[in-house]
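Read the structure below first, then the notes.
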Amino acid sequence: MNEKKILFFDDEVLPSENLIRNLVTNYGHKITCTSTVADFIENLTSEKYCLLIIDVMAPIPSDMESLGFTYKEIESIKKKEGLITGVVLAERVWREPGYDNIPIIFLTARAPFKLNYQENRKIRMLQKPVLAKNFSKEINELLEEE
C-alpha cells in the first residue's frame, strides 16, 4: 500500500501541534507541517502529496512574486487583508504540475464561508478548533475519493 502524504500549512504552529500529533499517533496519517508560504511551496515542489491542509487566513508573505504568485493574486490578497491568502495559495498550487486536482482542506478560525470553485474540486472547509477524529474523517473521505 502506498503511504499517503499530507502537507499541512498553518502559521499558528503551537495550536496545531496537538492536533497534528493526534492525527499522526492515533489515526496514522503521514503529515509534513509547514508554517510559512515559502516552506509550503518548497515542500510541495520537492515531494508528492495527495492532500493539502491550508490555513485560510495565513499572513501575506513579503516575497510573493518570487514564490510564483501572479499580480492579480497578490492584489486579491491585499484587498482582503490576508483573509483569503490560503485560497489564493490553493489556486497557486493548482497550477503546479500534478496538483491540478489535489484535495484540499481549508482551516479557518472564522465562520466557514462559501468557496466558489469548479465542481470537480475536492474541497472541505473546517472551522478551528477541530477535533482530530472529525478531521481524520474528512481526510479519509477526501483520500477515498481519489
Any idea which heavy atoms bring [X] and [Y] closest together, and the distance?
{"X": "M125", "Y": "T108", "value": "SD-CG2, 3.6 Å"}
{"X": "C50", "Y": "P103", "value": "O-CD, 3.2 Å"}
{"X": "K4", "Y": "K30", "value": "O-CB, 3.5 Å"}

A quick test of your reading: do over 12 heavy atoms of other residues, nucleotides or ligands sit less than 6.0 Å from CD of E42?
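No - once you tally the heavy atoms of other residues, nucleotides and ligands closer than 6.0 Å, there are 12 at most.
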Min side-chain heavy-atom separation [X]-[Y] under 4.5 Å:
{"X": "T34", "Y": "I41", "value": "no"}
{"X": "F9", "Y": "D39", "value": "no"}
{"X": "I139", "Y": "I53", "value": "yes"}

Identified side chain to side chain contact (heavy atoms under 4.5 Å, CB included) partner of K122 from the options L51, L142, I102
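So the option named by the test is L142.
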Can you spot which of I6, N43, V93 makes a side chain to side chain contact (heavy atoms under 4.5 Å, CB included) with Y49?
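Exactly one pass, corresponding to N43.
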Would you call K137 and E141 a salt bridge, taking side-chain N to carboxylate O under 4.0 Å as the test?
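Salt bridge present between K137 and E141.
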Can you tell me how far apart CG (L7) and CG (L44) are? Round to the nearest 0.5 Å.
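Answer rounded to 0.5 Å: 6.5 Å.
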Taking atom CG of L143 and atom OG of S136, what is their separation to the nearest 0.5 Å?
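One gets 9.5 Å once the value is rounded to the nearest 0.5 Å.
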Sidechain-backbone polar pair: Y99 side chain, T45 backbone, donor-acceptor under 3.5 Å:
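No; zero donor-acceptor contacts below 3.5 Å.
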Evaluate side-chain contact (heavy atoms from CB on, under 4.5 Å) for F106 paired with I104, printing each intermediate quantity in order.
CA-CA 6 Å; F106 289 108; I104 296 178; 3.8 Å; yes
Do T32 and E47 pass the side-chain contact (heavy atoms from CB on, under 4.5 Å) test, and can you show the C-alpha distance, the side-chain angles, and the key distance before you say yes or no?
CA-CA 10 Å; T32 300; E47 290 280 339; over 6 Å; no
